[in-house]
Amino acid sequence: GQQLNQSPQSMFIQEGEDVSMNCTSSSIFNTWLWYKQDPGEGPVLLIALYKAGELTSNGRLTAQFGITRKDSFLNISASIPSDVGIYFCAGQLDDKIIFGKGTRLHILP
Amino acid sequence: DVKVTQSSRYLVKRTGEKVFLECVQDMDHENMFWYRQDPGLGLRLIYFSYDVKMKEKGDIPEGYSVSREKKERFSLILESASTNQTSMYLCASRGLAGVEQFFGPGTRLTVL
């Protein structure tokens, strides 16, 4: 079946550093979504991408829908302590959505 | 403020017990989903429902069943709980025309 490869699995960074994570797939998607899960909560949508090549920003977050429709990345600039959590990518084709395994972000004091 | 609520944040059950996890959404969404989340495995879809009384198997339905008698409520049932069903369970809902799934806070289930 379809699978998403999300990397890295976890990251340890210093506050103020930039962060980059990505998802790749062997299948194409019509929509890419990026969610964040705070500790003890359910995931919340950060950014939705609807078109190949689309680059979208939400504050310090920037995400892109890959031109091949098989990949997407998420960048976080100037990380702050509240960025800690698990970030999930999700690819959607018609009614089917598949989630990546998540990138756990740790921020060192 | 839109909301998906789950009946319990933490639950401890014994092997063989029947377990009900309840999820309610107040957004009049047609689609509802149950996932389990395990470290290193991400979110895996157990069951989903497109409408009242409709249900579809997800990727890991074995050992689970669901019930959707009302539009706002989607229940996950573990007929006979086993230790390998210890996990975080997340419910989500989505509108017919939308892409975003709205998640509940999760129920952390421990089966002893």
Side-chain angles (χ1 to χ4, degrees), chain A residues 1-11 21-25 27 29-51 54 56 58 63 65 69 72 74 85-106, chain B residues 1-10 21 23-25 27 29-51 54-61 74 76 87-108:
Chain A
Q2 292 176 309
Q3 282 192 332
L4 289 188
N5 298 309
Q6 184 171 352
S7 65
Q9 195 170 1
S10 65
M11 303 181 74
M21 59 191 79
N22 69 84
C23 275
T24 61
S25 173
S27 306
F29 293 103
N30 290 336
T31 306
W32 280 96
L33 306 165
W34 284 92
Y35 285 83
K36 184 196 175 197
Q37 183 179 29
D38 287 327
E41 300 297 329
V44 173
L45 184 68
L46 297 174
I47 291 180
L49 302 156
Y50 300 100
K51 212 164 51 172
E54 179 181 353
T56 295
N58 178 7
F65 191 143
R69 295 170 62 194
S72 177
L74 174 71
I86 304 175
Y87 293 80
F88 291 100
C89 64
Q92 182 162 330
L93 181 67
D94 301 321
D95 261 352
K96 183 138 175 97
I97 185 167
I98 298 170
F99 284 86
K101 293 181 179 178
T103 294
R104 186 180 287 272
L105 182 62
H106 305 265
Chain B
D1 196 20
V2 295
K3 233 177 178 163
V4 178
T5 56
Q6 295 184 229
S7 50
S8 307
R9 295 296 295 263
Y10 299 94
L21 302 183
C23 175
V24 177
Q25 50 97 0
M27 296 165 279
H29 283 169
E30 288 77 12
N31 303 330
M32 295 188 75
F33 308 81
W34 274 107
Y35 295 88
R36 64 176 282 176
Q37 181 180 11
D38 300 288
L41 297 178
L43 302 177
R44 293 183 291 167
L45 182 64
I46 305 171
Y47 267 96
F48 60 102
S49 169
Y50 284 130
D51 205 346
M54 294 183 69
K55 59 185 178 185
E56 298 282 344
K57 291 180 181 179
D59 299 316
I60 52 163
F74 192 34
L76 180 70
S87 187
M88 169 71 88
Y89 290 87
L90 290 163
C91 173
S93 73
R94 185 183 68 195
L96 203 56
V99 294
E100 180 178 0
Q101 290 189 21
F102 294 85
F103 285 86
T107 295
R108 186 167 291 283

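Order of the sequence lines fixes the chain letters, A, B, ..., with proteins taken first and strands second; residue numbering starts at 1 for each chain. Remember, it's a predicted structure, so these values are computed and weren't measured experimentally.
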### Task
Of all the heavy-atom pairs spanning A/Tyr35 and B/Val99, show the shortest one and how long it is.
OH-O, 4.3 Å
What distance do [X] atom [atom1] and [Y] atom [atom2] have between them, rounded to the nearest 0.5 Å?
X	Y	atom1	atom2	result
A/Glu41	B/Arg9	CD	CZ	5.0 Å
B/Tyr35	A/Ile97	OH	CD1	5.5 Å
B/Asp59	A/Lys96	CG	NZ	4.5 Å

#### Entry: Contact class of B/Tyr50 relative to chain A, heavy atoms under 4.5 angstrom
side chain
### Query
Heavy-atom distance under 4.5 Å to chain A: side chain of B/Leu43, backbone, both or neither?
both
### Message
Heavy-atom cut-off 4.5 Å, strictly under: side chain, backbone, both or neither for A/Gln37 against chain B?
### Response
side chain
### Query
For A/Leu33, is it the side chain, the backbone, both or neither that has a heavy atom under 4.5 Å from a heavy atom of chain B?
side chain
### Task
Pick whichever of B/Met88, B/Gln37, B/Arg94 has the most heavy-atom pairs under 4.5 Å with chain A.
B/Gln37
### Message
Check this for me: B/Arg108, atom CZ, are more than 12 non-hydrogen atoms of other residues, nucleotides or ligands nearer than 6.0 Å?
### Response
no
## Note on the structure
In terms of heavy-atom pairs under 4.5 Å with chain B, the winner among A/Pro43, A/Ala90, A/Ser10, A/Ala48 is A/Pro43
